[in-house]
Amino acid sequence: MRSIQRSFNKLRSKQKNLSDFICFERIIHGKNFSRDRIKRMFNALVDKSEYAQGEKRTLLKGLYQLTKHS
């Protein structure tokens with residue numbers, strides 16, 4: 001869990017113009033993380049104001065697929 005958070009924070013500090021969601025997407029892309037881990041870290045790292053509550057399930061579904069592809 002810490003590796004995602006550490007990588008996320010490092011990317012956020014270097015790329016201040018990117019949203020939390022884009023940073024998170026870039027960190028997990030192709031890394032084969034579990035669905036549970038993605039969901040927990042998404043909830044912890046991505047600001048809720050960046051997406052509508054009704055979109056969360058769709059966003060997570062896309063992230064689950066993204067982590068499987070390199």
Thr67 side chain vs Tyr64 backbone, donor-acceptor pair below 3.5 Å =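 Not confirmed, Thr67 side chain does not pair with Tyr64 backbone.
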message = Using only atom types and a distance under 3.5 Å, with no angle test, would you say the side chain of Glu50 pairs donor to acceptor with the backbone of Asp47?
response =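 Not at all, since once roles are kept as given, no pair shorter than 3.5 Å links the two residues.
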key: Taking every non-hydrogen atom, the tightest pair across Ser19 and Arg12   =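 Nearest pair, atom of Ser19 first, then Arg12: C-NH1, 4.0 Å.
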inquiry  = Would you say that more than 12 heavy atoms from the other residues, nucleotides or ligands in this model lie under 6.0 Å from the NZ of Lys31, or not?
reply    =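 For Lys31, atom NZ is crowded (more than 12 foreign heavy atoms under 6.0 Å).
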ask   = So, do Met41 and Ile28 sit near enough that their side-chain heavy atoms are less than 4.5 Å apart?
value =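 No, side chains not in contact.
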key: Leu45 vs Ile4 side-chain heavy atoms within contact, under 4.5 Å   =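 With C-beta onward as the side chain, the pair touches.
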Between [atom1] on residue [X] and [atom2] on residue [Y], distance to nearest 0.5 Å:
X: Ser3; Y: Arg37; atom1: OG; atom2: CZ; answer: 4.5 Å
X: Ile22; Y: Asn17; atom1: CD1; atom2: CG; answer: 10.5 Å
X: Arg57; Y: Lys39; atom1: CZ; atom2: NZ; answer: 8.0 Å
X: Lys16; Y: Cys23; atom1: NZ; atom2: SG; answer: 10.5 Å
X: Asn9; Y: Arg6; atom1: CG; atom2: CZ; answer: 10.0 Å

task = Could you please spell out the steps behind the side chain to side chain contact (heavy atoms under 4.5 Å, CB included) verdict for Phe8 and Asp20?
result = CA-CA 8 Å; Phe8 177 87; Asp20 290 349; 3.9 Å; yes
request  = Test Leu63 against Phe21 for side chain to side chain contact (heavy atoms under 4.5 Å, CB included), laying out the working first.
outcome  = CA-CA 10 Å; Leu63 290 171; Phe21 180 79; 3.9 Å; yes
task = Could you check Lys56 against Asn43 for side chain to side chain contact (heavy atoms under 4.5 Å, CB included), going step by step and ending with a plain yes or no?
result = CA-CA 10 Å; Lys56 185 175 178 182; Asn43 289 331; 2.5 Å; yes
message = Angle between ring planes, Phe42 versus Phe24, binned at 30° and 60°: parallel, tilted or perpendicular?
response =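 The arrangement is perpendicular - the two ring planes meet at more than 60°.
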task = Take Leu18 and Arg26 through the side chain to side chain contact (heavy atoms under 4.5 Å, CB included) test and state the conclusion after the steps.
result = CA-CA 10 Å; Leu18 296 179; Arg26 289 186 179 181; 3.3 Å; yes
